[in-house]
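A short write-up of the structure that comes next.
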Amino acid sequence: MAGILAWFWNERFWLPHNVTWADLKNTDESTFPQAEDLYLACPLAFCMFMIRLVFERFIARPCALGLKIQANGPQKAQPNAILEKVFTAITKHPDEKRLEGLSKQLDWDVRTIQRWFRHRRNQEKPSTLARFCESMWRFTFYLYIFTYGVRFLKKSPWLWNTRECWYNYPYQPLTVDLHYYYILELSFYLSLLFSQFTDIRRKDFLLMFLHHVATISLITFSYVNNMARVGTLVMCLHDAADVLLEAAKMANYAKCQRLCNVLFVMFALVFISSRLGVYPVWILNSTVFESWEIVGPYPSWWVFNVLLVLLQALHTFWSYLIVRIACRAISRGKVRLQKIHLTLYYWCKISMN
(Lines give C-alpha, C1' and ligand atoms only; values in the text may rest on other atoms or scores of the structure.)
Protein backbone atom coordinates (compact mmCIF):
# COMPACT_ATOMS: atom_id res chain seq x y z
CA MET A 1 0.00 0.00 0.00
CA ALA A 2 2.83 2.41 0.84
CA GLY A 3 4.39 1.70 -2.54
CA ILE A 4 1.11 2.39 -4.33
CA LEU A 5 0.64 5.68 -2.48
CA ALA A 6 4.21 6.73 -3.24
CA TRP A 7 3.65 5.96 -6.91
CA PHE A 8 0.32 7.83 -7.00
CA TRP A 9 1.69 10.95 -5.27
CA ASN A 10 4.87 11.05 -7.35
CA GLU A 11 6.16 14.62 -7.18
CA ARG A 12 7.48 14.52 -10.73
CA PHE A 13 3.95 14.00 -12.00
CA TRP A 14 2.02 16.41 -9.80
CA LEU A 15 4.45 19.29 -9.31
CA PRO A 16 6.72 21.48 -11.44
CA HIS A 17 10.41 20.70 -11.67
CA ASN A 18 12.39 21.18 -8.43
CA VAL A 19 9.21 21.42 -6.31
CA THR A 20 8.44 18.79 -3.64
CA TRP A 21 5.48 18.09 -1.37
CA ALA A 22 7.62 19.17 1.55
CA ASP A 23 7.85 22.64 0.00
CA LEU A 24 4.06 22.91 0.16
CA LYS A 25 3.59 21.91 3.78
CA ASN A 26 1.69 24.40 5.92
CA THR A 27 3.73 26.78 8.05
CA ASP A 28 2.93 29.56 10.49
CA GLU A 29 3.36 32.07 7.68
CA SER A 30 1.57 30.31 4.80
CA THR A 31 -1.18 27.76 4.25
CA PHE A 32 -1.32 25.67 1.08
CA PRO A 33 -3.95 23.22 -0.22
CA GLN A 34 -3.50 19.77 1.34
CA ALA A 35 -5.13 16.59 0.08
CA GLU A 36 -6.43 15.81 3.57
CA ASP A 37 -8.40 19.11 3.54
CA LEU A 38 -10.86 17.45 1.21
CA TYR A 39 -11.88 14.85 3.80
CA LEU A 40 -14.05 17.57 5.31
CA ALA A 41 -16.26 17.44 2.21
CA CYS A 42 -17.63 13.98 3.10
CA PRO A 43 -19.43 14.89 6.36
CA LEU A 44 -20.45 18.21 4.82
CA ALA A 45 -21.94 16.35 1.86
CA PHE A 46 -24.09 14.32 4.26
CA CYS A 47 -25.16 17.53 6.03
CA MET A 48 -25.99 19.08 2.66
CA PHE A 49 -28.07 16.04 1.74
CA MET A 50 -30.05 16.40 4.97
CA ILE A 51 -30.49 20.13 4.33
CA ARG A 52 -31.81 19.28 0.89
CA LEU A 53 -34.45 16.96 2.37
CA VAL A 54 -35.59 19.65 4.79
CA PHE A 55 -35.55 22.30 2.05
CA GLU A 56 -37.59 20.22 -0.37
CA ARG A 57 -40.11 19.24 2.32
CA PHE A 58 -40.71 22.58 4.01
CA ILE A 59 -39.79 25.18 1.37
CA ALA A 60 -39.87 23.78 -2.16
CA ARG A 61 -42.97 21.61 -1.72
CA PRO A 62 -45.20 24.43 -0.36
CA CYS A 63 -43.97 26.65 -3.21
CA ALA A 64 -44.86 23.94 -5.74
CA LEU A 65 -48.31 23.42 -4.25
CA GLY A 66 -48.83 27.19 -4.27
CA LEU A 67 -48.12 27.11 -8.01
CA LYS A 68 -50.79 24.38 -8.43
CA ILE A 69 -48.26 21.66 -9.26
CA GLN A 70 -49.93 18.33 -8.59
CA ALA A 71 -48.46 15.95 -6.03
CA ASN A 72 -49.81 12.84 -7.71
CA GLY A 73 -47.53 10.95 -10.05
CA PRO A 74 -48.35 9.26 -13.36
CA GLN A 75 -51.15 6.71 -13.63
CA LYS A 76 -50.16 3.37 -12.10
CA ALA A 77 -50.26 0.15 -14.07
CA GLN A 78 -52.77 -2.52 -13.09
CA PRO A 79 -51.05 -5.14 -10.86
CA ASN A 80 -50.09 -8.22 -12.89
CA ALA A 81 -47.45 -10.69 -11.72
CA ILE A 82 -46.58 -12.01 -15.19
CA LEU A 83 -46.10 -8.62 -16.81
CA GLU A 84 -44.26 -7.34 -13.75
CA LYS A 85 -41.81 -10.24 -14.00
CA VAL A 86 -41.19 -9.50 -17.68
CA PHE A 87 -40.77 -5.80 -16.93
CA THR A 88 -38.27 -6.24 -14.08
CA ALA A 89 -36.34 -9.29 -15.27
CA ILE A 90 -36.44 -9.27 -19.08
CA THR A 91 -37.34 -6.03 -20.82
CA LYS A 92 -39.16 -2.76 -20.31
CA HIS A 93 -39.77 -2.44 -24.05
CA PRO A 94 -41.09 -5.80 -25.35
CA ASP A 95 -40.91 -6.41 -29.07
CA GLU A 96 -43.83 -7.45 -31.24
CA LYS A 97 -43.13 -11.18 -30.89
CA ARG A 98 -43.07 -11.00 -27.08
CA LEU A 99 -46.22 -8.87 -27.04
CA GLU A 100 -48.07 -11.46 -29.07
CA GLY A 101 -46.91 -14.23 -26.73
CA LEU A 102 -48.05 -12.29 -23.66
CA SER A 103 -51.33 -11.54 -25.37
CA LYS A 104 -52.03 -15.26 -25.82
CA GLN A 105 -50.84 -16.10 -22.30
CA LEU A 106 -52.99 -13.46 -20.58
CA ASP A 107 -55.83 -13.34 -23.09
CA TRP A 108 -55.32 -9.58 -23.40
CA ASP A 109 -55.14 -7.69 -26.65
CA VAL A 110 -51.74 -6.36 -27.69
CA ARG A 111 -52.76 -2.71 -27.30
CA THR A 112 -53.75 -3.27 -23.66
CA ILE A 113 -50.36 -4.87 -22.93
CA GLN A 114 -48.56 -2.00 -24.65
CA ARG A 115 -50.56 0.45 -22.52
CA TRP A 116 -49.64 -1.52 -19.37
CA PHE A 117 -45.92 -1.31 -20.17
CA ARG A 118 -46.22 2.42 -20.93
CA HIS A 119 -47.93 3.06 -17.58
CA ARG A 120 -45.40 0.87 -15.79
CA ARG A 121 -42.48 2.77 -17.33
CA ASN A 122 -44.10 6.06 -16.35
CA GLN A 123 -44.39 4.84 -12.75
CA GLU A 124 -40.60 4.96 -12.47
CA LYS A 125 -40.48 8.60 -13.48
CA PRO A 126 -40.52 11.14 -10.66
CA SER A 127 -43.64 13.25 -10.38
CA THR A 128 -43.66 16.85 -11.58
CA LEU A 129 -43.79 17.93 -7.94
CA ALA A 130 -40.63 15.95 -7.11
CA ARG A 131 -38.84 17.36 -10.16
CA PHE A 132 -39.83 20.90 -9.25
CA CYS A 133 -38.54 20.45 -5.70
CA GLU A 134 -35.24 19.04 -6.99
CA SER A 135 -34.82 21.90 -9.47
CA MET A 136 -35.64 24.48 -6.80
CA TRP A 137 -32.96 23.02 -4.53
CA ARG A 138 -30.39 23.10 -7.32
CA PHE A 139 -31.46 26.59 -8.36
CA THR A 140 -31.06 27.83 -4.79
CA PHE A 141 -27.61 26.29 -4.43
CA TYR A 142 -26.36 27.49 -7.82
CA LEU A 143 -27.67 30.99 -7.18
CA TYR A 144 -25.93 31.11 -3.82
CA ILE A 145 -22.63 29.62 -4.98
CA PHE A 146 -22.56 31.77 -8.13
CA THR A 147 -23.22 34.91 -6.09
CA TYR A 148 -20.54 33.89 -3.61
CA GLY A 149 -18.11 33.15 -6.44
CA VAL A 150 -18.67 36.56 -8.05
CA ARG A 151 -18.23 38.38 -4.73
CA PHE A 152 -15.09 36.38 -3.98
CA LEU A 153 -13.54 36.83 -7.41
CA LYS A 154 -14.25 40.57 -7.50
CA LYS A 155 -11.66 40.91 -4.73
CA SER A 156 -9.20 38.52 -6.39
CA PRO A 157 -6.47 39.88 -8.68
CA TRP A 158 -6.62 36.85 -11.02
CA LEU A 159 -10.15 37.79 -12.14
CA TRP A 160 -8.78 40.96 -13.75
CA ASN A 161 -5.41 39.56 -14.77
CA THR A 162 -5.33 35.80 -15.38
CA ARG A 163 -1.53 35.80 -15.32
CA GLU A 164 -1.93 36.11 -11.54
CA CYS A 165 -3.06 32.46 -11.59
CA TRP A 166 0.53 31.49 -12.38
CA TYR A 167 2.79 34.04 -10.72
CA ASN A 168 4.63 32.34 -7.86
CA TYR A 169 2.95 29.03 -8.70
CA PRO A 170 2.69 26.63 -6.88
CA TYR A 171 3.60 28.68 -3.79
CA GLN A 172 0.26 30.48 -3.76
CA PRO A 173 -1.26 30.59 -0.27
CA LEU A 174 -4.69 29.18 0.39
CA THR A 175 -7.16 31.74 1.72
CA VAL A 176 -10.17 30.93 3.87
CA ASP A 177 -12.60 32.14 1.19
CA LEU A 178 -11.00 30.01 -1.53
CA HIS A 179 -11.00 26.94 0.72
CA TYR A 180 -14.68 27.48 1.56
CA TYR A 181 -15.55 27.87 -2.15
CA TYR A 182 -13.87 24.60 -3.10
CA ILE A 183 -15.18 22.57 -0.16
CA LEU A 184 -18.74 23.76 -0.72
CA GLU A 185 -18.69 22.89 -4.43
CA LEU A 186 -17.15 19.50 -3.73
CA SER A 187 -19.63 18.77 -0.93
CA PHE A 188 -22.55 19.60 -3.21
CA TYR A 189 -21.48 17.17 -5.92
CA LEU A 190 -20.72 14.48 -3.36
CA SER A 191 -24.24 14.94 -1.98
CA LEU A 192 -25.65 14.56 -5.49
CA LEU A 193 -23.64 11.37 -5.85
CA PHE A 194 -25.06 10.02 -2.56
CA SER A 195 -28.64 11.03 -3.38
CA GLN A 196 -28.61 9.03 -6.62
CA PHE A 197 -28.96 5.87 -4.55
CA THR A 198 -31.95 7.18 -2.56
CA ASP A 199 -33.81 9.11 -5.27
CA ILE A 200 -36.15 7.52 -7.76
CA ARG A 201 -34.04 5.46 -10.15
CA ARG A 202 -33.86 7.14 -13.54
CA LYS A 203 -32.80 5.77 -16.90
CA ASP A 204 -29.89 8.22 -17.01
CA PHE A 205 -28.54 6.89 -13.70
CA LEU A 206 -25.20 5.78 -15.16
CA LEU A 207 -24.71 9.02 -17.08
CA MET A 208 -25.44 11.02 -13.92
CA PHE A 209 -23.08 8.86 -11.90
CA LEU A 210 -20.22 9.31 -14.39
CA HIS A 211 -20.89 13.04 -14.53
CA HIS A 212 -20.63 13.40 -10.76
CA VAL A 213 -17.49 11.26 -10.58
CA ALA A 214 -15.83 13.33 -13.32
CA THR A 215 -16.78 16.61 -11.66
CA ILE A 216 -15.55 15.47 -8.24
CA SER A 217 -12.30 14.21 -9.77
CA LEU A 218 -11.59 17.50 -11.54
CA ILE A 219 -12.34 19.60 -8.45
CA THR A 220 -10.06 17.35 -6.39
CA PHE A 221 -7.32 17.37 -9.04
CA SER A 222 -7.14 21.15 -9.28
CA TYR A 223 -7.19 21.59 -5.50
CA VAL A 224 -4.45 19.07 -4.76
CA ASN A 225 -2.32 20.50 -7.57
CA ASN A 226 -2.92 24.04 -6.24
CA MET A 227 -4.44 25.17 -9.51
CA ALA A 228 -7.24 26.54 -7.37
CA ARG A 229 -7.08 30.06 -8.72
CA VAL A 230 -7.92 29.09 -12.27
CA GLY A 231 -10.28 26.48 -10.82
CA THR A 232 -12.40 29.21 -9.22
CA LEU A 233 -12.72 30.93 -12.60
CA VAL A 234 -13.92 27.72 -14.23
CA MET A 235 -16.41 26.97 -11.45
CA CYS A 236 -17.92 30.44 -11.46
CA LEU A 237 -18.15 30.54 -15.25
CA HIS A 238 -20.05 27.25 -15.37
CA ASP A 239 -22.40 28.04 -12.48
CA ALA A 240 -23.76 31.11 -14.31
CA ALA A 241 -25.69 29.14 -16.93
CA ASP A 242 -26.87 26.47 -14.46
CA VAL A 243 -28.86 29.06 -12.49
CA LEU A 244 -30.87 29.97 -15.58
CA LEU A 245 -31.37 26.36 -16.66
CA GLU A 246 -32.85 25.35 -13.30
CA ALA A 247 -35.07 28.44 -13.31
CA ALA A 248 -36.31 27.51 -16.80
CA LYS A 249 -37.05 23.96 -15.66
CA MET A 250 -39.06 25.24 -12.68
CA ALA A 251 -41.07 27.51 -14.98
CA ASN A 252 -41.69 24.54 -17.27
CA TYR A 253 -42.94 22.35 -14.40
CA ALA A 254 -45.21 25.18 -13.23
CA LYS A 255 -46.61 25.47 -16.79
CA CYS A 256 -45.42 29.08 -17.12
CA GLN A 257 -44.50 28.52 -20.74
CA ARG A 258 -43.82 32.13 -21.66
CA LEU A 259 -41.48 32.58 -18.71
CA CYS A 260 -39.88 29.22 -19.54
CA ASN A 261 -39.18 30.37 -23.09
CA VAL A 262 -37.63 33.64 -21.93
CA LEU A 263 -35.43 31.88 -19.37
CA PHE A 264 -34.35 29.29 -21.91
CA VAL A 265 -33.31 32.00 -24.38
CA MET A 266 -31.33 33.69 -21.59
CA PHE A 267 -29.76 30.35 -20.67
CA ALA A 268 -28.82 29.66 -24.30
CA LEU A 269 -27.23 33.09 -24.71
CA VAL A 270 -25.25 32.81 -21.48
CA PHE A 271 -24.23 29.22 -22.17
CA ILE A 272 -23.02 29.81 -25.72
CA SER A 273 -21.28 33.12 -25.00
CA SER A 274 -19.54 31.79 -21.87
CA ARG A 275 -18.57 28.36 -23.21
CA LEU A 276 -17.66 29.33 -26.78
CA GLY A 277 -16.40 32.83 -26.09
CA VAL A 278 -15.24 33.53 -22.55
CA TYR A 279 -13.99 30.03 -21.76
CA PRO A 280 -11.51 29.61 -24.65
CA VAL A 281 -10.41 33.26 -24.85
CA TRP A 282 -10.10 33.84 -21.12
CA ILE A 283 -9.46 30.51 -19.40
CA LEU A 284 -7.89 28.24 -22.02
CA ASN A 285 -5.62 31.04 -23.14
CA SER A 286 -4.40 31.33 -19.55
CA THR A 287 -4.01 27.62 -18.79
CA VAL A 288 -2.27 26.80 -22.09
CA PHE A 289 -0.24 29.86 -23.09
CA GLU A 290 0.22 32.02 -20.01
CA SER A 291 1.03 29.07 -17.75
CA TRP A 292 3.48 27.70 -20.34
CA GLU A 293 5.26 31.05 -20.43
CA ILE A 294 5.34 31.61 -16.64
CA VAL A 295 5.54 28.09 -15.15
CA GLY A 296 6.34 25.73 -18.00
CA PRO A 297 4.83 22.30 -18.70
CA TYR A 298 5.08 19.22 -16.51
CA PRO A 299 3.11 15.91 -16.55
CA SER A 300 0.01 16.93 -14.58
CA TRP A 301 -0.03 20.24 -16.49
CA TRP A 302 -0.53 18.25 -19.69
CA VAL A 303 -3.33 16.17 -18.13
CA PHE A 304 -5.08 19.26 -16.82
CA ASN A 305 -4.96 21.08 -20.15
CA VAL A 306 -5.99 18.05 -22.18
CA LEU A 307 -9.09 17.76 -19.99
CA LEU A 308 -9.87 21.45 -20.42
CA VAL A 309 -9.44 21.24 -24.20
CA LEU A 310 -11.72 18.19 -24.33
CA LEU A 311 -14.19 20.18 -22.28
CA GLN A 312 -14.12 22.88 -24.96
CA ALA A 313 -14.98 20.26 -27.57
CA LEU A 314 -17.94 19.20 -25.44
CA HIS A 315 -18.99 22.85 -25.06
CA THR A 316 -19.15 23.08 -28.84
CA PHE A 317 -21.29 19.94 -29.05
CA TRP A 318 -23.64 21.10 -26.27
CA SER A 319 -24.02 24.51 -27.91
CA TYR A 320 -25.05 22.71 -31.09
CA LEU A 321 -27.68 20.81 -29.10
CA ILE A 322 -29.01 24.03 -27.60
CA VAL A 323 -29.27 25.70 -31.01
CA ARG A 324 -31.01 22.64 -32.43
CA ILE A 325 -33.49 22.55 -29.54
CA ALA A 326 -34.10 26.28 -29.93
CA CYS A 327 -34.75 25.90 -33.67
CA ARG A 328 -37.24 23.12 -33.04
CA ALA A 329 -38.86 25.19 -30.30
CA ILE A 330 -39.28 28.12 -32.69
CA SER A 331 -40.91 25.87 -35.28
CA ARG A 332 -43.25 24.39 -32.66
CA GLY A 333 -43.68 27.49 -30.56
CA LYS A 334 -42.62 25.71 -27.36
CA VAL A 335 -39.39 24.93 -25.53
CA ARG A 336 -39.26 21.29 -24.48
CA LEU A 337 -37.19 21.23 -21.30
CA GLN A 338 -37.65 17.47 -20.93
CA LYS A 339 -35.31 16.95 -23.88
CA ILE A 340 -32.76 19.27 -22.33
CA HIS A 341 -33.01 17.27 -19.11
CA LEU A 342 -31.91 14.12 -20.89
CA THR A 343 -29.62 15.40 -23.65
CA LEU A 344 -27.96 18.46 -22.20
CA TYR A 345 -28.19 19.07 -18.48
CA TYR A 346 -26.55 15.91 -17.25
CA TRP A 347 -23.68 16.39 -19.66
CA CYS A 348 -23.14 20.13 -19.51
CA LYS A 349 -21.03 20.19 -16.33
CA ILE A 350 -18.41 17.56 -16.78
CA SER A 351 -16.08 20.26 -15.70
CA MET A 352 -14.72 21.86 -12.59
CA ASN A 353 -18.02 23.24 -11.37
Side-chain angles (χ1 to χ4, degrees), residues 1-42 44-45 156 158 162-187 189-190 193 210-238 279 283-312 349-353:
M1 180 60 69
I4 294 175
L5 290 175
W7 170 82
F8 181 80
W9 293 111
N10 190 302
E11 294 166 342
R12 298 286 56 83
F13 172 80
W14 289 96
L15 302 174
H17 185 62
N18 290 332
V19 179
T20 67
W21 292 119
D23 298 331
L24 298 177
K25 287 295 183 182
N26 293 335
T27 65
D28 294 336
E29 293 79 22
S30 299
T31 300
F32 300 105
Q34 306 293 319
E36 53 267 25
D37 295 346
L38 300 179
Y39 295 153
L40 178 62
C42 292
L44 286 180
S156 304
W158 58 88
T162 52
R163 297 176 73 88
E164 292 286 344
C165 292
W166 312 109
Y167 289 147
N168 198 37
Y169 177 84
Y171 304 105
Q172 297 166 343
L174 177 69
T175 64
V176 174
D177 290 342
L178 194 153
H179 178 257
Y180 173 79
Y181 194 9
Y182 254 81
I183 292 297
L184 200 61
E185 288 270 15
L186 181 59
S187 299
Y189 286 104
L190 282 172
L193 189 68
L210 293 175
H211 153 256
H212 296 326
V213 169
T215 304
I216 291 165
S217 300
L218 284 167
I219 291 175
T220 303
F221 181 95
S222 63
Y223 185 87
V224 171
N225 209 24
N226 203 13
M227 290 183 175
R229 290 187 177 185
V230 74
T232 58
L233 299 179
V234 178
M235 290 191 293
C236 190
L237 180 69
H238 285 72
Y279 179 82
I283 293 177
L284 277 185
N285 176 67
S286 180
T287 61
V288 175
F289 299 109
E290 292 178 350
S291 65
W292 181 291
E293 177 187 342
I294 298 170
V295 180
Y298 53 98
S300 67
W301 180 94
W302 286 103
V303 173
F304 187 68
N305 278 289
V306 166
L307 292 174
L308 293 181
V309 170
L310 288 175
L311 179 59
Q312 179 57 49
K349 290 179 300 178
I350 302 178
S351 64
M352 295 175 61
N353 69 346

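- The only member of L218, T287, V288 that meets side chain to side chain contact (heavy atoms under 4.5 Å, CB included) when paired with L308 is T287.
- Judged by distance alone, with hydrogens and angles left aside, the side-chain atoms of Q172 form a donor-acceptor pair with the main-chain N or O of Y167 at under 3.5 Å.
- The shortest side-chain heavy-atom distance between Y169 and N225 falls under the 4.5 Å cut-off.
- Contact of the C165 side chain with the S291 side chain is not registered, since no non-hydrogen atoms from C-beta on lie closer than 4.5 Å.
- Checked by atom type and distance alone, the side chain of Y279 never pairs as donor or acceptor with a backbone atom of H238 at under 3.5 Å.
- Side-chain contact check for L190 versus I216: some heavy-atom pair is nearer than 4.5 Å.
- Shown are F221, W301, W302, Y223; of these, the ring pair (Phe, Tyr, Trp, His ring centres under 6.0 Å) with W14 is made only by F221.
- A distance of 12.0 Å separates CH2 in W166 from CH2 in W158, rounded to the nearest 0.5 Å.
- With rounding to the nearest 0.5 Å, the separation of OH in Y180 from OG1 in T175 is 13.0 Å.
- The side-chain hydrogen bond (donor to acceptor under 3.5 Å, both in side chains) test applied to E36 returns no partner, not counting sequence neighbours.
- At least one donor-acceptor pair under 3.5 Å links the side chain of T232 to the backbone N or O of R229.
- With sequence neighbours left out, R12 forms a salt bridge (Lys or Arg N to Asp or Glu O under 4.0 Å) with no residue at all.
- With rounding to the nearest 0.5 angstrom, the NE2 atom of H212 is 12.5 Å from the OG atom of S217.
- Side-chain contact between Y298 and L15 is absent, with no heavy-atom pair separated by less than 4.5 Å.
- Annotation: side chain of E290 is in contact with side chain of N285 (closest heavy-atom distance under 4.5 Å).
- Side-chain atoms of T31 never come within 3.5 Å of backbone atoms of N26 as a donor-acceptor pair (strictly under, hydrogens ignored).
- Between the side chain of Q34 and the backbone N or O of L24, at least one donor-acceptor pair lies under 3.5 Å.
- W9 places no side-chain N or O within donor-acceptor distance of the main-chain N or O of W21, the cut-off being under 3.5 Å.
- The closest donor-acceptor contact from the side chain of D23 to the backbone of T20 lies under 3.5 Å.
- Atom-to-atom distance recorded for Y182:OH and L178:CG is 7.0 Å, nearest 0.5 angstrom.
- Distance check, rounded to the nearest 0.5 Å: CD1 of I219 to CD1 of I183 gives 10.0 Å.
- Summarising the geometry, atom CG belonging to L186 is positioned 10.5 Å from atom OG1 belonging to T215; distances are rounded to the nearest 0.5 Å.
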